[in-house]
Amino acid sequence: MPTPLRSAHWFSGQSRDGFIHRSWMRGYPSDLFDGRPVIGICNTWSELTPCNAHLRQIADRVKSGVYEAGGFPLEFPVMSLGETNLRPTAMLFRNLASMDVEESIRGNPIDGVVLLCGCDKTTPSLLMGAASCDVPALVVSGGPMLSGHFQGQQIGSGTAVWQMSEDVRAGKMRLQDFMEAETCMSRSAGHCMTMGTASTMASMVEALGMGLPHNAAIPAVDSRRYVLAHQAGRRIVEMVREDLRISKILTRKNFENAIRVNAAIGGSTNAVIHLIALAGRVGVPLHLDDFDRLGHHLPLLVNLQPSGKFLMEDFYYAGGIPAVVRELGDLIHRDALTVNGKTMGENTADAACWNRDVIHMLAEPLRENAGIAVLRGNLAPNGAVIKPSAATPKLLKHRGRAVVFESIEDFKARADLPDLDIDERCVMVLKGAGPCGYPGMPELGNLPIPPKLLTRGITDVVRISDGRMSGTAYGTVVLHISPESAIGGPLALVENGDDIELDVEARRLDLCVSDDVLSRRRAAWKPAPPAGTGGYQRLYVDHVMQADQGADLDFLVGCRGAAVPRESH
Ligand code: FES
């Protein structure tokens, strides 16, 4: 006699409670309550999250697959985080959305769940919430947009915006062309089609084994995206019958695979924070230094913006993540289990590469030692990160004078002034962009280059902050400095004119000021009033952990399981 599924605790039996649970579920034949797997389709569809606006259609195809396999699909909405619209930053709400997902799964008659996500934070929030319940789960990403095209050139989400806005500020691009490009970049449904955070996290889903092969790169409007969704619906029913829960897939090996794939694809620095937070939910020890130790020495294989040239559509046609995994050979744990019940090695054994300009061979990479580097020093005792593949090589070892901005408002007020005291050797410093300080750790770290430098042809200087940067951005940008300035991290003590030394090869980030001077500054330092005065922001500021620990809320770490022993009536 097989063990009843958790949905049977709602839908079976002839008690008053069973009557209530079934009776209000209108319009379904009675036999759908016969003990078959109930599959939740966790949907981040929202018109305010344009990257996910097509997910209702994707959900329909998942439902078809679930029905075919003998399951009972039920779609439910969760908080949707749109990167382009949400203020002060979508990252502030990642943990809140994960709570929504976790409690929605646990509180409802769900045996397994398909997670529909796309825009940056929607992927980690759904994974984190589902992981804390530990039910069978499978991710279907919405897929990237078609490539942008403008004046005969491909333009990539985000990356082109940063480039063109600096060209306008430098007087190299006409404002009317800039405005025209706005209508040429986002051509279809889907998320950013550069290797930004959304594409990175969709790739992490595949590398973690949480999605079907090719989940990351099939364009949102390609018919094969709908086939994948259909197959996912079939597969999740089997996963419930096999009791293939998230904890059986998200093992240390799968996280190590994700770190290595992230290095090879030139993935976003945001993956560091999201993977550490996700590992915390399933109890897998994962440390900031793992990203450097496992990933930094790996070469960049994938030639996609912002580290390279092409876009996600090109990546899919070239072979996508399976081709990268195969190319990485023994650097990948080939016995790591994935949601389709096969190992990573089995899934990628025959993966072909169709375009070596897009996916390079390991023997002929696009760039050596391109994985994320973790820096330490008296400016970042608990660590900071830099993405060397997106940086200017000659700036990776640099000493320069600090030009300090106490907040992003301070930066916006002064950056364009002709008398700003800055030259190409300076280090731009932004404070107040950490988890507590903003709050929410916004993507401000890639500070725009002041026009005073742009007009002289200088397009990159070293920039450091306790914030994050968009995965679509580039430059010699040190991020995630921990502890952050708002809680008194050493970044708070930096003053204009101090020397700062960056040495990526030595993994150092140092403030070249004596300990005596720093002690005096620390004694005089006063924290700013807390940013959030009530509501969720208060909860967040009181409980958020620092970037090196994944910026999760401390009370959300861990798996709480799916059991709910008490009835609702
Ligand atoms: Fe949604 Fe980039 S803004 S993925």
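Treat the numbers as computed from the prediction; the structure is a model and nothing was measured. For ligands, and for the atoms within them, numbers begin at 1 and follow the listed sequence.
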From CA spacing to verdict: salt bridge (charged side-chain N to carboxylate O under 4.0 Å, His left out), Arg225, Asp222
CA-CA 6 Å; Arg225 174 64 55 187; Asp222 192 306; over 6 Å; no

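- A side-chain donor-acceptor contact under 3.5 Å links Asp466 to the backbone of Ser485.
- With salt bridges taken as basic N to acidic carboxylate O contacts below 4.0 Å, one links Asp416 and Arg169.
- A salt bridge does not link Arg174 with Glu180: none of the charged nitrogens is closer than 4.0 Å to a carboxylate oxygen.
- Listed by chain and number, Cys51 SG, Cys119 SG are the protein N/O/S atoms closer than 2.8 Å to atom 1 (Fe) of ligand 1, with waters left out.
- With Lys121 contributing its side chain and Glu83 its backbone, the two residues share no donor-acceptor pair below 3.5 Å.
- Without hydrogens or angle criteria, Asn215 side chain to Glu206 main chain gives no donor-acceptor distance under 3.5 Å.
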